J.: 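For reference, the structure I am asking about is given below.
Chain identifiers are assigned alphabetically (A, B, ...) following the order of the sequence lines, protein sequences preceding nucleic acid strands; residue numbering begins at 1 within each chain. Treat the numbers as computed from the prediction; the structure is a model and nothing was measured.
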2 protein chains.
Amino acid sequence: MPETTLAEADSPLNAEQRELLDQVLDKWSLRVLETLCGRPLRFNELRREIPTVTQKSLTTTLRRLERNGMVERVVTGTRPLAVEYRIAPLGKTLQDLVDALFGWTAANYAEVERARRRFDDETTQRG
Amino acid sequence: MPETTLAEADSPLNAEQRELLDQVLDKWSLRVLETLCGRPLRFNELRREIPTVTQKSLTTTLRRLERNGMVERVVTGTRPLAVEYRIAPLGKTLQDLVDALFGWTAANYAEVERARRRFDDETTQRG
DNA sequence: CGGTATCCATTGCGATACTG
DNA sequence: CAGTATCGCAATGGATACCG
């Protein structure tokens, strides 16, 4: 315990790194990454795969993922404009993590529901 | 036949499950989970461990984590009110995942920065 | 100590309309 | 097809004040 210190007691991540993590774990980002890990898709294909995302949100999400090096945007045709999005090597390194996240959620959702009912019952009695 | 299928079948998670994941992956939730995995902490201790969180956000985060069964809130003293927060078994199942997330970020941040510079340079030239 | 209540600025997001 | 531009509302989040 001697040396060390500095901001070691604080987070393992600095503010910029945490911001990156937020961007990657974003609601739509996770879905897009997971979907593109399956296969490259066109913009509107992606929309259909994720029916609840709006065009605006999808555009924003894709731009940010592209800027962060997680996906690649490839123009494949000029007339009518055709754009393909595919997972980039850096995005591929997240695949196992994303799968694990979805897996954890599916595996533990029922237990969370029970916890919620317990919590809601208790607070209803008191409140 | 379930009347709720529609085009939702391709996603590994339904809407409620994705909402749970969003709550767990929330900016402050991750920090709180990680911190409480170390040891139980009082409310104000937690605030000091996460200096940038406001009281309001910390309260909201803790309530939600408690409701989802991820942390336990234990009142240990009544006179000056004393409350301890500790990781619950369900929250403990997330520890490896949270560590992996922080680990991935730390390991890949430099690469992301390079990607960002590439992206910004390219769009600057065109824009 | 460990919150709640309130106000307020900022942001996010959906809906809509339009373009190369 | 693959976006951009604009508007308006609703939710988030900080600051502050107060309470058991």
J.: For DNA chain D, which residues in residues 19-29 of chain A have a heavy atom at a distance below 4.0 Å?
T.: none
J.: Looking at CG of B/Leu25 and CG of A/Leu30, how far apart are the two atoms once the value is rounded to the nearest 0.5 Å?
T.: 6.5 Å
J.: Scan residues 95-107 of chain B for pairs that pass side-chain hydrogen bond (donor to acceptor under 3.5 Å, both in side chains), counting only residues two or more places apart or in two chains.
T.: A/Thr93-B/Trp104, B/Lys92-B/Gln95
J.: Check each residue of residues 36-45 of chain B for a non-hydrogen atom within less than 4.0 Å of any atom in DNA chain C, then write out the ones that pass by number, or none.
T.: B/Arg42, B/Phe43, B/Asn44
J.: I'd like the 5' and 3' limits of the part of DNA chain C contacted by chain A, with heavy-atom contacts below 4.0 Å.
T.: C/dC13 to C/dG20
J.: Report the distance from atom CZ of A/Arg42 to atom CD of A/Glu49, rounding to the nearest 0.5 Å.
T.: 14.0 Å
J.: Looking for any heavy atom pair under 4.0 Å, which part of the strands does A/Arg79 touch: base, sugar-phosphate only, or nothing?
T.: nothing
J.: For the residue pair A/Ile87 and A/Cys37, what are the closest heavy atoms and their distance?
T.: CD1-SG, 4.0 Å
J.: With sequence neighbours excluded, what pairs up with B/Asp22 under the side-chain contact (heavy atoms from CB on, under 4.5 Å) test?
T.: A/Lys27
J.: Could you give the start and end, 5' to 3', of the contact zone on DNA chain D for chain A, using atoms under 4.0 Å from its heavy atoms?
T.: D/dC1 to D/dC7
J.: Would a 4.5 Å heavy-atom cut-off, applied to side chains only, mark A/Leu90 and A/Asn68 as touching?
T.: no
J.: Which salt bridge (charged side-chain N to carboxylate O under 4.0 Å, His left out) pairs, counting each pair once, include a residue from residues 82-91 of chain A, with sequence neighbours left out?
T.: A/Glu84-A/Arg86
J.: For the residue pair A/Arg64 and A/Ser29, establish whether any side-chain heavy-atom pair is separated by less than 4.5 Å.
T.: yes
J.: Compute the bend angle of the helix from C/dC1-D/dG20 to C/dG20-D/dC1 from the end axes (five pairs per end), rounded to 10°.
T.: 50°
J.: Shortest non-hydrogen contact from A/Leu13 to A/Gln17?
T.: CA-OE1, 3.5 Å
J.: Not counting sequence neighbours, which residues clear side-chain hydrogen bond (donor to acceptor under 3.5 Å, both in side chains) with B/Thr54? List them please.
T.: B/Ser57
J.: Are any non-hydrogen side-chain atoms of B/Thr52 and B/Trp28 less than 4.5 angstrom apart?
T.: yes
J.: Looking at side-chain heavy atoms only, is the closest gap between A/Thr59 and A/Phe43 below 4.5 Å?
T.: yes
J.: Among residues 56-69 of chain B, which residues get a heavy atom nearer than 4.0 Å to DNA chain C?
T.: B/Lys56, B/Thr59, B/Arg63
J.: Return the set of residues passing side-chain contact (heavy atoms from CB on, under 4.5 Å) with A/Arg67 (not counting sequence neighbours), or none when no residue passes.
T.: B/Arg116, B/Phe119, B/Asp120
J.: Please tabulate, one pair per line, all N/O donor-acceptor pairs under 3.5 Å involving side-chain atoms of residues 72-82 of chain B, not counting sequence neighbours.
T.:
residue : atom : partner : partner atom : Å
B/Arg73 : NE   : B/Tyr85 : OH           : 3.4

J.: Any chance you could lay out the side-chain contact (heavy atoms from CB on, under 4.5 Å) test for A/Val53 and A/Leu46, step after step, and finish with the verdict?
T.: CA-CA 9 Å; A/Val53 72; A/Leu46 217 31; over 6 Å; no
J.: Under a 4.0 Å N-O cut-off, is there an ion pair linking B/Arg31 with B/Glu34?
T.: yes
J.: Test side-chain contact (heavy atoms from CB on, under 4.5 Å) on B/Arg48 and B/Asn44; report intermediate values, then the result.
T.: CA-CA 6 Å; B/Arg48 283 188 288 273; B/Asn44 282 327; 4.0 Å; yes
